[in-house]
Amino acid sequence: MTTSWESPSNIALIKYWGKRDTQLPSNPSISFTLSKCKTTTEVHFSEGTGVNITLDGTDKPEFIPKIEGFLERIMHRHPWLSSYNLQIKTRNSFPHSSGIASSASGMSALSLCIVEFAQKIDFKFDALNFYQEASILSRLGSGSASRSIYGGLVVWGGTPTLENANDEYAIEYPHIIDPIFKNYCDVVLLVEVGEKSVSSTAGHALMDNHPFRSQRFSQAHQHLSEIQKILKTGDIENFIRLTELEALTLHGLMMSSSPSYILMKPNTLKIIEEIREFRRESKLPLSFTLDAGANVHVLFPAAMKEKGMAFIKNTLIQYCKENRFIADHVGSGPKRLTNFEK
Ligand code: PMV
């Protein structure tokens, strides 16, 4: 039997950085789910054991240990997996070497395939519903993947100001938001392609003894509370202030951990300066956020798409590797597929 899903990547506005126990977050986070940056995965389940994986039709034995580690981590919830062989075919919409993390889209697509199959064989899982279970499994694959299970704005991690938000699985942002945040654009500028010098796993671990850890974790709760007012009222000025602060705080934490490290590149800073200057001069609400790498996510409302794209094509493109960028926007979440289109 075969199941197939496509699942998008996401970009955090308030960042998850630091974890405990089994991939539980040290602080709450909120993200926009993307649309075009996605992974499509098909899993063929048959009786037996073992895993095969292909990416874009090519065998990838080097991915097997990571997938096996993931399956071991979820086995306590899905013991039936021990008597199945999984043939996984996967494909990313973005180039593998683009520096865009494929773990959120990849782990969520795989988890959705597994939970759908569990449902088909009538396995009764612990979570309340299909998507909660898929979010828990995704989280066990890669923390931020837990948020890719839903479209729009998604929260992961318990926080006193949001009922139902919890550390185990992500939830759709439960309140009404100003329409300005509905089709928000996110253009990913590819500053650096290829593997990062320090993995997210190593970065999270450095938060364990970070001198600013408790201040950071309480700041994230405070920011989650602030962003809720911003989302409701469409307060774009404070949206920009807060999300840029979050991005630079994430990198500030990397620079102030021991050992310290820097993932931004000279062109990352050039882009940030250009964006701030553009905003000062044009008074248009175009801003940036960063994930744990050198690439820059340029954020702006859909209503200024033409001007935003013109600025990127005229000014920012010179700082991108081989002029590469991915013009994405907030999307509606994963889709179950009936055919794995080649
Ligand atoms: O899911 P991980 O372990 O790759 O961690 C991702 C962490 C950030 O992307 C930097 C922030 C986030 O909340 O997505």
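- Between Lys19 and the choices His204, Arg139, Met207, the side-chain contact (heavy atoms from CB on, under 4.5 Å) rule is met once, by His204.
- Between Thr2 and Val43, every side-chain heavy-atom pair lies at or beyond the 4.5 Å cut-off.
- Under the 6.0 Å cut-off for aromatic ring centres, His78 and Phe123 qualify, their centroids lying closer than that.
- Taking CD1 from Ile14 and CG from Leu224, the interatomic distance works out to 5.0 Å, rounded to the nearest 0.5 Å.
- Salt bridge present: Glu133 and Arg77 bring a charged side-chain N and a carboxylate O closer than 4.0 Å.
- Two residues are said to be in side-chain contact when any heavy atoms from C-beta on lie closer than 4.5 Å; Phe325 and Leu316 fail this criterion.
- Side chain of Gln132 to backbone of Leu128: a donor-acceptor contact under 3.5 angstrom is found.
- For the salt bridge (charged side-chain N to carboxylate O under 4.0 Å, His left out) criterion with Arg279, the lone passing option out of Glu273, Glu244, Glu237, Glu274 is Glu244.
- Side-chain atoms of Thr3 never come within 3.5 Å of backbone atoms of Glu116 as a donor-acceptor pair (strictly under, hydrogens ignored).
- Taking a cutoff of 4.0 Å between a charged side-chain nitrogen and a carboxylate oxygen, Lys124 and Asp122 qualify as a salt bridge.
- In this structure, the side chain to side chain contact (heavy atoms under 4.5 Å, CB included) partners of Ser29, at least two apart in sequence or on a different chain, are Tyr16, Arg147, Trp156.
- Side-chain atoms of Leu24 and Asp21, non-hydrogen and from C-beta on, do get closer than 4.5 Å to each other.
- Between atom NZ of residue Lys321 and atom CD of residue Glu192 there is a gap of 5.0 Å, rounded to the nearest 0.5 Å.
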Problem set entry | Chi angles and distances behind the ring pair (Phe, Tyr, Trp, His ring centres under 6.0 Å) call for Phe181, Phe32 | CA-CA 9 Å; Phe181 298 117; Phe32 274 145; 7.1 Å; no
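- The side-chain heavy atoms of Val154 and Ile30, taken from C-beta on, include no pair separated by under 4.5 Å.
- Using a 30° and 60° split on the angle between ring planes, Tyr84 and Trp80 fall in the perpendicular class, above 60°.
- Relative orientation of the Tyr131 and Trp5 rings is perpendicular, given thresholds of 30° and 60° on the angle between their planes.
- Side chains of Asp186 and His297: a donor-acceptor N/O pair is present below 3.5 angstrom, by distance only.
- In this structure Gln87 satisfies the side chain to side chain contact (heavy atoms under 4.5 Å, CB included) test together with His44, Asn52, Asn85, sequence neighbours excluded.
- No more than 12 heavy atoms of other residues, nucleotides or ligands sit less than 6.0 Å from atom CG of Asn183.
- Residues Leu189 and Asn267 are not in side-chain contact: their nearest non-hydrogen atoms beyond the backbone lie 4.5 Å or more apart.
- At distances below 3.5 Å, at least one donor-acceptor pair connects side-chain atoms of Asn295 with backbone N or O atoms of Val191.
- Here the straight-line distance linking atom CG of Asp167 with atom CG of Asn27 works out to 9.5 Å at 0.5 Å rounding.
- Atom CD of Glu163 sits in a sparse spot, with 12 or fewer heavy atoms from other residues, nucleotides or ligands closer than 6.0 Å.
- Two residues are said to be in side-chain contact when any heavy atoms from C-beta on lie closer than 4.5 Å; Ser197 and Tyr261 fail this criterion.
- Note that OG of Ser282 is 10.5 Å distant from CD of Glu277, once rounded to the nearest 0.5 Å.
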For this session: Run the numbers on Ser105 and Ser9 for side-chain hydrogen bond (donor to acceptor under 3.5 Å, both in side chains), then give the verdict.
Result: CA-CA 5 Å; Ser105 53; Ser9 187; 5.1 Å; no
For this session: Begin with the C-alpha distance, continue with both residues' side-chain angles, and end with the deciding distance and a verdict on ring pair (Phe, Tyr, Trp, His ring centres under 6.0 Å) for Tyr184 and Phe239.
Result: CA-CA 12 Å; Tyr184 227 74; Phe239 176 81; 5.4 Å; yes
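- No side-chain donor-acceptor contact under 3.5 Å links Asp59 and Thr54.
- Separating the OG1 atom in Thr39 from the CG atom in Leu112 is a distance of 11.5 Å, to the nearest 0.5 Å.
- For the atom pair OG (Ser111) and CD1 (Ile136), the distance works out to 10.5 Å, reported to the nearest 0.5 Å.
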Problem set entry | Residue pair Glu226, Arg241: steps toward the salt bridge (Lys or Arg N to Asp or Glu O under 4.0 Å) verdict | CA-CA 11 Å; Glu226 272 179 51; Arg241 179 190 56 75; 3.1 Å; yes
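- Judged purely by distance below 3.5 Å, without hydrogens or angles, the side chains of Lys15 and Thr289 pair a donor atom with an acceptor atom.
- Judged by distance alone, the side chain of Thr90 and the main-chain N or O of Thr41 form no donor-acceptor pair under 3.5 Å.
- Neither side chain, Ser225 nor Thr161, offers a donor N or O lying under 3.5 Å from an acceptor on the other.
- No option in Gln228, His221, His223 other than His221 meets the side-chain hydrogen bond (donor to acceptor under 3.5 Å, both in side chains) test with Thr159.
- Remark: the backbone N or O of Pro8 is paired with a side-chain donor or acceptor of Ser148 at under 3.5 angstrom.
- Taking the ring-ring contact (aromatic ring centres under 6.0 Å, His included) definition, one finds that Phe288 meets it with nothing, sequence neighbours left out.
- Counted by atom type alone, Ser7 and Ser108 present one or more donor-acceptor pairs between their side chains at under 3.5 Å.
- Between the side chain of Lys36 and the main chain of Ala327, a donor-acceptor pair closer than 3.5 Å is present.
- In the displayed structure, Ile176 atom CD1 is contacted under 6.0 Å by at most 12 heavy atoms of other residues, nucleotides or ligands.
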